[in-house]
Amino acid sequence: MTGPHLLEVKDLTVDFLSLGGAFRATSGVSFHVDAGETLVILGESGSGKSVSASAVMGLIDTPPGDICAGTVAYRGRDLSSLSEGERRDLNGRRIAMIFQDPLSHLNPVYTIGWQLEEVFTVHGVASGAEARQRAVEILGRVGIPEPEKRIDQYPHQFSGGQRQRIMIGMAIALRPEILIADEPTTALDVSVQAQILELLKKLQAEDGLAIIMITHDLEVAANMADRVIVMKSGRIVEEGEARAVFENPAHSYTRTLINALPHADDRAPPRPARPAGKPILEVKNIDKFYTLSSGIFAKPARLHAVKNLSFDVAAGETIGIVGESGSGKSTVARVLLGLNEASGGEALFHGRDVLKMDRKQLLAFRRKVQMVFQDPYSSMNPRMTVFDIVSEPWRIHKDILEKTRWRDRVTELLGLVGLNPEHAKRYPHQFSGGQRQRIAIARALACDPELVVCDEAVSALDVSVQVQVIDLLAELRDRLGLAYIFITHDLPIVRHFADRIIVMKSGEIVEHATTEEIFRNPQHAYTRQLINAAPKPKWQTAADAA
Amino acid sequence: MFAFILRRAGQSLIAVIGLLVLVFFLSRLTGDPAYLYLPLDSSEAQRQAFSEAHGFNDPLVVQFGRYLVDLARFDFGDALSRNRPAMEVALEAFPQTLKLAVIAIVLSLCLAVVVGSLAAARPNSLFDKIASTASLAGASAPDFWVAIVAILVFSVGLGLLPTSGTGTALHWIMPIFVLTLRPFGLLVQVVRGTMMGALASPYVKTARAKGVNRSRIVFRHALRNSLLPVITVAGDLAASLVNGAVVVETIFGWPGIGKLMIDAIVRRDFALIQATVLVTAIAIFVLNIAIDLVYARLDPRIRFETR
Amino acid sequence: AEGEVKIVLPEQPANLDPCRSIRSDIGRIINSNITETLTVIDTEKGTVGPWLAEKWEQVDDLTWRVHLKSGVKFQDGAAFDAEAVVKSINRLMNPGLTCDSRSKFGDVKLTPKAVDAQTVEISSDSPVPIMPTLLGTVQIVSPNMPFDKESNDPVGTGPYVVESKSNEQIVLKRHDAYWGAKPDVTRATYVWRSESAIRAAMVESGEADMTPSIAVQDATNAESDFAYLNSETTRMRIDAQIPPLDDVRIRKALNMAIDWDGMGEALFGKDVLRASQMVVPGVRGHNPDIKPWTYNPEEAMKLVEEAKAAGAPVDKEIVLIGRNGFFPNSAESLEAMRSMWQEIGLNVSIRQLEAADWVRYLDKPFPEGRGPTLFQQQHDNNTGDAGFTAPVMYLSEGQYSTIADPDLDVVLKKAMAATGDEREKLFQEVFAKVHDEIVADVPMYHMIGYVRVGSRLDWKPDLKTNSEIALSEIHFKD
Amino acid sequence: MTTSADTPETKVSRFQILRLISRDWLALAAVIFLLLVVACAVFGPWLMGDLIDKPNFRARNMAPFSLSQGWTYVLGADTLGRSLLARLVVGAQATIGIAFFAVFCSVVIGGMLGLIAGYSRGAAGTMIMRGADIVMSFPSLLLALIVLFSLGPSVTNLILVLAITRVPIYLRTTRAEVLEVRERMFVSAAVALGANHTRILFRHIAPIVLPTLVTIGAIDFATVVLAESSLSFLGLGIQAPEFTWGAMVATGRGYLSTAWWIAFWPGLAILLTTLSLNILSSWWRTYADPQQRWRIELARSKKGIPEKRK
Ligand SMILES: Nc1ncnc2c1ncn2[C@@H]1O[C@H](COP(=O)(O)OP(=O)(O)OP(=O)(O)O)[C@@H](O)[C@H]1O
Ligand SMILES: Nc1ncnc2c1ncn2[C@@H]1O[C@H](COP(=O)(O)OP(=O)(O)OP(=O)(O)O)[C@@H](O)[C@H]1O
Ligand SMILES: [Mg+2]
Ligand SMILES: [Mg+2]
């Protein structure tokens with residue numbers, strides 16, 4: 001390759017300053033990417049992947065961040081030498097970014113249409129009706145159904161995966177030269193994920209898009225990568241051609257990663273069904289309508305998000321819920337927890353209807369049932385330290401743990417999810433995506449619950465940590481008889497972990513069977529589509545095509 | 001939307017009636033108007049005759065009944081101290097105050113949003129320090145002090161502006177300046193505070209990644225997210241101005257409702273008190289309904305009771 | 001413009017009904033300008049002269065006969081005759097109207113009767129020896145003015161008529177068919193600002209031509225600012241029945257403890273007159289021989305000591321009752337006096353009250369259970385006769401009276417029934433007794449008002465300026 | 001590598017807060033000024049109490065910056081010739097006392113009611129809001145008169161009146177913010193944990209709303225001091241010979257063109273106090289927000305913080 005790289009990062013070292021000292025998030029990170037190429041960054045959760053990406057975009061606030069060393073060069077020009085205006089012109093138009101946490105990265109008070117159109121207007125590409133037209137197009141491309149109708153809705157009216165797709169749409173809207181995608185598919189089900197990856201590849205083929213993709217999903221990584229770098233503890237520990245790295249990992253961490261991959265062992269039998277005990281939760285004919293009004297002037301329309309849903313969960317049992325993005329999985333979870341009112345039906349917990357409980361019963365219920373939210377960042381109070389967040393259940397339910405033991409127990413819980421005790425003093429905004437997710441899990445476990453509803457609880461974790469967390473959950477299940485409702489798009493995980501699986505599409509259960517059966521003999525077309533959609537490594541597809 | 005307005009209007013009507021009842025009965029606890037209307041050296045018999053003539057001797061309930069009957073006929077009684085129908089007097093004065101209040105609030109809101117946002121965009125910068133300090137100084141200086149000094153400087157000293165009164169555009173300058181100071185100072189602080197929080201939000205990062213320029217980030221993305229308390233405080237300040245920019249009206253001889261209301265209270269001109277309170281209360285209630293509508297427009301997540 | 005003046009008043013007139021014109025806010029605009037009276041009072045000399053009446057005589061104890069000027073017409077064209085005067089007086093007496101001016105007559109009922117076109121007989125249900133003086137306060141209005149309703153459209157015989165009125169200003173214009181001499185001022189605009197500094201500034205900047213009652217501290221320019229005795233007299237009324245104030249030594253001490261000259265100049269201006277009695281010089285009955293108490297704190301302290309030795313409870317808290325916004329620096333004067341009384345060993349506190357609260361202490365019956373009080377009062381007698389002052393203040397049953405002295409009552413009653421020089425002598429005797437022997441109050445000052453007059457005008461204030469500003473007396477320089 | 005340096009305890013000690021304040025010269029100046037004011041409030045009457053009462057007609061309206069009557073007259077004298085300096089010092093007590101309690105009461109009452117009004121979706125919220133509307137439209141002078149006539153004059157009643165009239169602004173602001181905050185996800189999360197309403201209101205929502213209230217409260221100090229003086233004139237509240245800065249400004253108002261200093265010094269004192277309170281409130285606002293705290297912690301320069309770890 002002649003001439004400078006399209007994007008080159010050299011020796012990037014970023015610190016976060018605080019009264020207590022400086023924390024080094026990345027140290028001496030160097031990588032580059034060229035047109036039409038995909039660089040995948042793999043790595044441990046909290047290893048500095050997102051920080052490196054933000055640094056490329058110039059999004060690290062200094063202070064408290066401090067870029068101690070390193071340069072970022074675009075076509076050979078040092079980005080730090082650019083004026084603010086020039087920099088702005090690059091952002092969005094030449095270099096675009098998809099944030100890891102799509103749920104909180106959308107502006108809550110503007111319609112998504114407005115936010116999409118803005119990309120066009122600020123760069124003077126299109127405006128007015130044309131911008132809107134193009135925004136609708138983009139929404140369609142990323143697979144949001146009925147884009148004309150939904151364009152005037154606000155972010156909180158979309159599901160996690162839908163928001164993520166909106167972010168993606170925003171990033172590719174101007175057909176940038178470089179796309180930095182930080183965990184772009186964490187909230188997407190396999191089929192939509194495939195669709196999105198296809199889209200990216202198409203752009204790559206058409207425009208020579210260069211992609212820097214941060215992911216923990218090795219399948220995705222293999223599917224997309226031309227080259228791979230692996231990070232750990234702020235440093236690059238391995239770097240190379242994709243196939244070489246996957247097939248011949250050099251560094252021990254990379255080896256752990258690839259071995260930990262449940263996918264690696266495709267033929268391992270799914271978790272065998274076990275004799276179900278007495279159901280602790282019986283869900284009967286739940287319905288949920290959302291009232292949609294895109295402003296006080298419009299006539300309210302209704303969206304039937306969950307349709308006549310019934311299932312039950314026994315003690316010690318794990319129900320996996322998989323399904324299309326936007327099919328109502330999170331909605332079910334919120335309804336079961338009594339956070340949203342159901343429009344109809346009942347949910348009996350130990351024979352009592354959750355939806356009709358009085359305050360005391362609810363308190364007892366919430367002592368027993370915990371939830372890990374799909375969006376861990378916004379589910380934590382930004383003004384509380386991690387210690388306060390994790391210990392909050394004990395403050396609420398006074399009987400769980402006496403105060404003197406809180407500190408130890410918090411340390412222990414953090415340790416269980418792979419965080420260290422020092423983290424207890426920090427605030428949520430000081431963590432990486434995966435770390436936040438683990439804090440949320442620690443909080444849910446603090447309560448010694450009977451049932452935990454996990455909404456995409458491990459989607460942001462790298463495989464090694466994911467295994468650690470899943471093992472922890474499994475151990476608790478086996479030791480204490482915990483039951484889980486495990487909402488995920490990650491089929492290998494449920495295959496490995498769930499007893500029964502519910503497949504949802506458009507608010508309905510399309511299939512409900514034991515894990516074994518689902519995987520052996522999927523009945524519904526959608527289920528089959530899901531199971532078969534698992535991405536294949538790029539070198540294989542290339543070989544297949546050849 | 002219309003259901004919401006209708007419901008709010010209904011509730012407000014009840015509240016207005018409650019207010020009128022309160023004002024009616026409580027104001028009559030504050031002393032005998034006969035002493036204030038008649039010269040100090042008038043005799044007891046003359047005072048009795050006065051009270052008799054104006055029905056102040058009847059039991060309160062009877063007086064209230066009469067008031068209600070008159071109200072039903074849209075008769076708000078006569079302003080004793082003015083010799084004219086109370087409502088006529090109140091309605092004559094109200095627009096004068098309203099004009100001032102609207103201009104002052106709109107002006108201070110706009111200025112405060114700009115200054116406060118710029119201060120928040122670069123916290124602790126020199127601009128921030130100067131803007132905050134100056135606006136606060138304006139807000140905490142006594143308004144009559146500012147008004148009189150302004151007159152002494154600009155009218156007497158420099159001869160640039162008329163001292164007081166109404167008429168030309170020049171007459172508006174000083175009253176508006178004085179009225180703007182406090183709302184401006186307070187709003188700058190509120191804007192700055194909430195804005196700093198908003199600017200640290202993740203969606204601001206998104207906007208930066210999109211290549212949105214700084215002022216658009218501040219004034220479009222963050223501003224709308226931090227506007228709720230700002231609008232509320234501005235509404236409150238507007239209400240207090242509608243309720244009487246008394247100092248300004250007194251010093252600048254502005255024939256507004258604030259001074260009128262004070263005079264009515266001091267003179268125990270009950271009909272006039274009731275009329276002025278009614279007029280300003282309606283304005284304030286309408287304002288508050290409008291503010292609630294603005295909330296819902298500003299932030300789609302806000303939902304009001306749905307029944 | 002030529003012939004036009006702009007006058008800034010301290011307050012907006014409540015309304016414009018002539019039967020309330022003893023209120024200064026109304027009187028300043030309409031008295032002598034729109035409406036006129038039968039007689040006029042020369043406040044300097046205390047005499048009564050003719051105006052719309054040519055002459056008058058007392059028919060008997062209860063009846064006065066008044067002969068009217070001829071050739072006068074009301075501004076609306078109605079004839080000025082006996083019938084009109086009768087109607088005016090009856091209107092004033094109409095209990096359906098809140099006529100402030102009625103209070104000058106107390107509870108006396110007047111029954112006027114037209115004898116012929118130019119003669120009116122006014123009879124009363126009790127003797128009114130000073131009827132001619134009182135008639136100086138009765139504004140004669142056109143018979144076409146509503147009789148049973150107060151009106152904001154005054155019509156009289158005066159040289160000016162209302163041209164327009166609004167919330168902001170009132171404009172009078174010259175009435176060219178006026179019966180008397182044609183005044184210089186063709187049009188007068190009245191506006192109002194309560195802040196003295198603003199009013200002064202308006203005249204200074206040429207926005208207005210004249211303003212009455214500016215505060216002493218604003219009267220800084222000898223060229224334009226004129227002092228005038230405004231016929232108000234201030235005092236602290238002593239609750240002389242309640243210990244320790246029932247001890248005359250204490251009452252004397254109160255009078256001697258104050259640095260009268262220092263306080264007067266500091267708070268009310270160097271032109272202020274120290275008062276020894278509650279009427280101003282010139283009023284019939286004023287006693288020029290009374291020597292006001294002078295500042296002598298040592299003596300005052302001694303008196304308090306003596307009283308204390310004699311068993312007076314001097315430690316008891318004495319409350320000074322003031323009224324907020326009473327007159328310029330009224331609150332400061334209370335503070336100063338409190339401090340000085342404190343110095344001589346009394347226990348004094350201040351209560352500033354709102355007007356409606358303050359009047360409860362003014363009139364009998366006084367509030368139950370009050371302790372010893374010193375009540376701040378300001379009294380205006382611009383009628384030229386002590387009969388409007390002494391009885392209400394000092395008679396045992398007087399409305400404001402806190403003393404009960406049988407000897408004094410006798411003299412007072414005699415004075416009220418008397419006329420002429422005898423009346424004057426008797427009232428002088430009353431004032432002397434009240435001051436020297438009884439020490440019923442702490443007379444403060446005869447108050448001074450200041451007007452600021454713009455350079456265009458040739459005009460000087462006088463004792464009456466508080467209650468009327470006759471436009472016809474205003475002339476232009478050169 | 002994921003361990004940070006030996007960070008101190010989570011809850012920064014008082015001492016540390018002081019150290020942080022001392023890094024910001026503006027905040028430091030504010031603290032020092034407020035301490036001075038408080039010192040005046042506590043010791044003022046004892047220090048200069050005998051200078052504030054007695055008229056000294058020779059010094060009336062004496063201009064400032066002259067030592068002819070002794071150092072206590074450096075700021076000049078009022079109409080009765082009393083030392084303005086002494087009156088400022090002694091007046092601090094009543095001023096601060098009344099304003100503090102009035103603002104405190106209205107923040108607490110308004111804040112509480114606003115929390116409830118914003119949080120409850122039922123009739124309680126509606127009733128509170130309409131009640132606030134009524135208070136907002138009720139003329140404050142009339143309210144003062146009613147209290148005066150029915151309850152009599154006293155400092156408590158004065159504070160009551162001042163507080164009641166200021167309640168709506170806190171109430172409505174709190175409610176507005178609660179309306180938005182209650183829709184945030186972490187509130188749902190707390191509900192899911194079983195937190196009761198009190199906990200959600202006070203632990204989760206209130207800390208987010210409080211800074212705005214404190215900001216308004218700090219400015220309200222001036223408003224309340226000046227409003228107090230106008231009520232004192234009605235006979236409600238503190239009466240001469242007691243006085244506040246507000247009363248001093250109000251009496252000095254007539255002398256602005258001839259003896260500006262009478263109203264100027266107390267006005268300046270009010271202004272500086274308000275300013276200091278605001279500087280502190282905005283400092284605290286930054287400190288209380290974990291996302292902004294670095295602005296304070298790193299206030300000086302990077303040199304000010306412990307050396308970086310390699
Ligand atoms: N604002 C901040 N202040 C202090 N530390 C921070 C801040 N942001 C990130 N960190 C720390 O920097 C490290 C790297 O974070 P980063 O977000 O880059 O991780 P990541 O590799 O993206 O991890 P994940 O896969 O979990 O998203 C983490 O240990 C995190 O705790
Ligand atoms: N507050 C809301 N108002 C209106 N519509 C909503 C709201 N929340 C969710 N929806 C809609 O309801 C549907 C179901 O959403 P839900 O969040 O349950 O999906 P999901 O199955 O969790 O999807 P994902 O896997 O993408 O998170 C979506 O179409 C979404 O747009
Ligand atoms: Mg990350
Ligand atoms: Mg979801």
Side-chain angles (χ1 to χ4, degrees), chain B residues 11-12 14-15 18-19 22-23 26-27 29-31 123-124 129 132-133 136-137 139-145 148-149 152 182 185-186 189-190 192-194 196-197 200 228-229 231-233 235-236 239-240 243-244 261-262 265-266 273 276-277 280-281 284-285 288 295 299 301-303 305, chain D residues 24 26 121-122 125-126 129-131 133-134 136-143 145-146 148-150 168-169 172-173 175-177 179-180 183 211-212 215-216 218-219 221-223 226 246 249-250 253 256-257 260 263-264 267 270-271 273-275 278-279 281-282 285-286 289 291-292 295 299:
Chain B
Q11 291 167 357
S12 299
I14 297 173
L19 177 70
L22 275 180
V23 169
L26 292 181
S27 64
L29 293 179
T30 61
N124 297 331
K129 290 203 156 126
S132 297
T133 314
L136 276 171
S140 42
D143 42 7
F144 59 80
W145 196 94
I148 296 177
V149 169
L152 291 177
R182 199 185 115 75
L186 185 47
Q189 291 305 306
V190 177
R192 178 183 178 276
T194 52
M196 268 174 72
L228 283 187
I231 292 288
T232 316
V233 173
D236 231 78
S240 65
N243 222 329
M261 190 187 278
I262 301 281
I265 293 170
V266 169
I273 296 177
T276 48
V277 168
T280 53
I284 291 171
F285 279 77
N288 284 344
Y295 287 164
D299 195 325
R301 290 166 300 174
I302 288 184
R303 290 173 285 141
E305 334 80 272
Chain D
D24 182 340
L26 209 54
R121 294 177 197 266
T126 313
M129 288 319 290
R130 298 298 81 77
D133 287 355
I134 290 183
M136 259 171 107
S137 350
F138 203 94
S140 48
L141 181 75
L142 185 57
L143 178 74
L145 277 181
I146 291 165
L148 174 67
F149 274 79
S150 50
I169 191 165
R172 295 183 51 83
T173 313
R175 166 182 171 261
E177 291 224 57
L179 283 179
E180 185 255 331
E183 302 297 338
T212 309
T215 302
I216 303 175
I219 295 190
F221 177 85
T223 320
L226 295 171
V249 178
R253 152 186 196 162
L256 277 174
S257 54
W260 54 266
F264 178 78
I270 296 171
L271 193 150
T273 311
T274 313
L275 202 59
N278 267 284
I279 290 169
S281 92
S282 104
R285 186 181 188 123
T286 311
D289 184 348
Q291 295 202 49
Q292 307 283 345
R295 293 187 196 282

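Remember, it's a predicted structure, so these values are computed and weren't measured experimentally. Computed over heavy atoms, backbone and side chain alike; hydrogens, waters and symmetry mates excluded. Within every chain, numbering begins at 1; the chains are lettered A, B, ... in the order of the sequence lines, protein sequences first and strands thereafter.
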**OP:** Please list, chain by chain and in numerical order, all residues satisfying salt bridge (charged side-chain N to carboxylate O under 4.0 Å, His left out) with D/R253, sequence neighbours excluded.
**Re:** C/E195
Original post:
Would you say the side chain of D/P139 lies within less than 4.5 Å of the side chain of B/I265, judging by non-hydrogen atoms?
Top reply: yes
Subject >> Inter-residue atom distance D/S137.OG - B/L19.CG, 0.5 Å rounding >> reply: 5.0 Å
Original post:
Does any non-hydrogen side-chain atom of D/L142 lie less than 4.5 Å from one of B/L26?
Top reply: no
Subject >> Contacting region of B/I231 [heavy-atom separation from chain D under 4.5 Å] >> reply: neither
**OP:** Side chain from CB out, backbone as N, CA, C, O: work out which of these in D/F264 comes under 4.5 Å of a heavy atom of chain B, or both, or neither.
**Re:** both
Subject >> Residue part contacting chain B, namely of D/L148, when any heavy atom lies under 4.5 Å >> reply: neither
Original post:
If you round to the nearest 0.5 Å, how far is CG of B/L136 from CD1 of D/I279?
Top reply: 7.5 Å
Original post:
Do B/F144 and D/V249 have side-chain heavy atoms sitting under 4.5 Å apart?
Top reply: yes
Original post:
Hey, are the side chains of B/N288 and D/R172 touching, using non-hydrogen atoms and a 4.5 Å cut-off?
Top reply: yes
**OP:** Please name the pair of heavy atoms, one in D/D289 and one in B/G197, separated by the smallest distance, quoted to 0.1 Å.
**Re:** OD2-CA, 4.5 Å
**OP:** Measure the CG-CD1 distance between D/L256 and B/I148 for me, rounded to the nearest 0.5 Å.
**Re:** 5.0 Å
Original post:
Taking the side chain as C-beta and beyond, is there a heavy-atom pair between D/R130 and B/I14 under 4.5 Å?
Top reply: no
Original post:
What pairs with D/F149 under side-chain contact (heavy atoms from CB on, under 4.5 Å), at least two apart in sequence or on another chain?
Top reply: B/T30, B/R268, C/E354, C/A356, C/D357, D/L145
Original post:
Less than 4.5 Å apart, any side-chain heavy atom of B/R182 and any of D/T223?
Top reply: yes
Subject >> Contacting region of B/I284 [heavy-atom separation from chain D under 4.5 Å] >> reply: side chain
**OP:** Select one option (side chain, backbone, both, neither) describing which atoms of D/S281 are under 4.5 Å from chain B's heavy atoms.
**Re:** neither
Original post:
Which bit of D/T274 comes within less than 4.5 Å of chain B, counting heavy atoms only: side chain, backbone, both or neither?
Top reply: side chain
Original post:
With only heavy atoms counted, which part of B/T133 is less than 4.5 Å from chain D, the side chain, the backbone, both or neither?
Top reply: both
Original post:
Which heavy atom of D/L271 sits nearest a heavy atom of B/A137, and at what distance?
Top reply: CD1-O, 3.7 Å
Subject >> Considering all heavy atoms, the nearest B/A139-D/I219 contact >> reply: CB-CG2, 4.3 Å
Original post:
At what distance, to the nearest 0.5 angstrom, does CG of D/L141 lie from CD1 of B/I262?
Top reply: 4.5 Å
**OP:** Could you grab the distance from atom CG of D/L179 to atom CG of B/D299, nearest 0.5 Å is fine?
**Re:** 9.0 Å
Subject >> Region of B/M261 in contact with chain D, defined by heavy-atom distances below 4.5 Å >> reply: side chain
Original post:
Does B/M196 reach the side chain of D/R285, with side-chain heavy atoms less than 4.5 Å apart?
Top reply: no
Original post:
Rounded to the nearest 0.5 Å, how far apart are CD of D/E177 and CG of B/L228?
Top reply: 7.5 Å
Subject >> Non-hydrogen atoms of D/A176 and B/Y295 that approach each other most closely >> reply: CB-OH, 3.3 Å
